[in-house]
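Worth knowing before you read on, the calculation uses all heavy atoms, side chains too, and leaves out hydrogens, waters and symmetry mates. Reminder, nothing fancy here: chain letters follow the sequence lines and each chain counts from 1.
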2 protein chains.
Amino acid sequence: MTASPARLSPTQLGAYFAFTEVSALLRHAVEKQLRDVGRLSYVQFQLLARLGDSPDGRQRMTDLADGVVYSRSGLTYQAQLLEERGLVTRSPSPEDERSTVVAVTDAGRTVLAEVFPGHVELVSSLLFGDLSDGDVDELARILERTRDNLRAIPPRSAAPRRRRTP
Amino acid sequence: MTASPARLSPTQLGAYFAFTEVSALLRHAVEKQLRDVGRLSYVQFQLLARLGDSPDGRQRMTDLADGVVYSRSGLTYQAQLLEERGLVTRSPSPEDERSTVVAVTDAGRTVLAEVFPGHVELVSSLLFGDLSDGDVDELARILERTRDNLRAIPPRSAAPRRRRTP
DNA sequence: TATTGTTATACTCTATAACTATA
DNA sequence: TATAGTTATAGAGTATAACAATA
């Protein structure tokens, strides 16, 4: 290890390295499952899942972009792919003609349903397979706090998102 | 192990979503810092860091590929980029003429040193900024257990070549 | 034959900037 | 002018397969 004015304790280093390795391995496994079972990229799955969770299965492009950390053009690209496969539809919003509303189709929900069990199985075994209920409680508490911290601090690191101009 | 119809408890769901979001936001921030300060991709940073941690600052391509989850060609590509910038050298191994030994140069160590403080600062503030020492202890304990579990279970998804045949 | 690494190639993904159209 | 979204394009990254060289 390099000697430098680091502010990370050995325990913090351990937590950080473990975090990054768990993250990489889990992500790899999940992406492979999504690709193999549903021919979905991770982003496409996120989009479908968000739409599936929406009350009416539809959301505006901008709202989707806010949820997934993405550039507008990247979102357009992925939405096009999903539309070509018939998993979503895109149509102009009646309220605001500038907006595009994306909606999951039945085919999209079918793919979601095909992919979901294996996805849950993976997370269940890989992420939680060796943890007690108490561990999971702790993990949820700590990570949710960290997530809130992350949400609050840097809104600038990601792509240019300008919902509101200060 | 888990029964066939695996399910995630609300707490598990919370932990999973928080984990993925923290992972994505942290990774985004780290990649930006590495790119801005050192013009390094995340993989390039990993390679440099591994070499910097090695006793003599050198490792074989295969050993590097084993550490970082990568295909051989992908590693060759990244090593080429690093070599073009003069951050590493590649030379045939004296012991085994088939092997290529990658070594960090002084320039490489300089870039590492330039990048490291900001990297540590990011992790310190984003990942641990809102956590107590006790939280960090818990996080390290739980994630290290999960990491060990992950290392044991999967047959290495992206393994084109095995070092050893079982 | 098996292993190490490179090359050739094709594909996916992402972002920036220019553009259209609506508000 | 500002916003929503698309398009054009360019670049980075990755993987697979064929390949050469060495063991």
- Item | Distance below 4.0 Å between B:Q44 side-chain N/O and D:dA12 OP1 or OP2 | no
- Query: If you find the nucleotide of DNA chain D closest to A:M61 and the one closest to B:D96, which residue's nucleotide is nearer the 5' end?
  - Reply: A:M61
- Correct closest heavy-atom pair for B:E21 and A:R147 would be OE1-CD, 3.2 Å
- Item | Between C:dT12 (C1') and A:L34 (CG): distance, integer Å | 15 Å
- Query: Which part of the nucleic acid, if any, lies within contact of B:S99, taking any heavy atom under 4.0 Å across all strands shown: a base, the sugar-phosphate backbone alone, or nothing?
  - Reply: sugar-phosphate
- Message: Looking at B:D135 and A:R141, is there a salt bridge between them, counting it only when a charged N and a carboxylate O are closer than 4.0 Å?
- Response: yes
- Message: D:dA12, OP1 or OP2 - any side-chain N/O from B:S41 closer than 4.0 Å?
- Response: no
- Write down the distance between CZ (A:F45) and P (C:dC13), rounded to a whole number of angstrom. 15 Å
- Item | Closest-nucleotide ordering on DNA chain C, the 5'-leading residue of A:L81 and A:E97 | A:L81
- Would you say A:Y42 has more than 12 foreign heavy atoms packed within less than 6.0 Å of its OH? yes
- Between A:R72 and D:dA4, does any side-chain N or O lie under 4.0 Å from OP1 or OP2? yes
- Confirm from the modelled atom types if A:S73 and C:dA15 form a donor-acceptor pair under 3.5 Å, side chain to base only. yes
- Roughly how many Å is it from CD in A:E31 to C1' in C:dC11, rounded to a whole number? 15 Å
- Item | Value in whole Å for how far the P atom of C:dT12 lies from CG of A:L75 | 18 Å
- Check every strand shown and say whether B:T100 touches a base, only sugar-phosphate, or nothing at a heavy-atom separation below 4.0 Å. sugar-phosphate
- Item | Selected nucleotide, minimal atom distance to A:T76 side chain, candidates C:dT4, D:dT6, D:dT22 | D:dT6
- Task: Using a 4.0 Å heavy-atom cut-off across all strands, classify B:R90 as base, sugar-phosphate, or nothing.
- Result: sugar-phosphate
- Closest of D:dG13, D:dT7, C:dA21 to the B:Q78 side chain is D:dG13
- Any side-chain donor-acceptor pair under 3.5 Å between A:S23 and B:S23? yes
- Task: With side-chain contact (heavy atoms from CB on, under 4.5 Å) as the test, would you mind laying out the steps for A:V102 and A:Q59 before giving the verdict?
- Result: CA-CA 5 Å; A:V102 187; A:Q59 277 194 38; 5.9 Å; no
- When you get a sec, tell me which of D:dA15, C:dT12, D:dA2 is the closest nucleotide to the side chain of A:R98? D:dA2
- Query: In whole Å, what is the span from the CG atom of B:L82 to the C1' atom of D:dA12?
  - Reply: 14 Å
- Query: Separation of A:Y77 atom OH from D:dT9 atom P, in whole Å?
  - Reply: 17 Å
- Note on the structure: B:E83 CD to C:dT6 P, in whole Å, measures 9 Å
- 5' precedence on DNA chain C between B:A79 and A:E95 (nearest-nucleotide basis): B:A79
- Message: Nearest whole Å is fine: how far is C:dT12 C1' from A:K32 NZ?
- Response: 17 Å
- Item | side-chain contact (heavy atoms from CB on, under 4.5 Å), paired with A:S41, selected from A:E31, A:Q46, A:Q78 | A:Q78
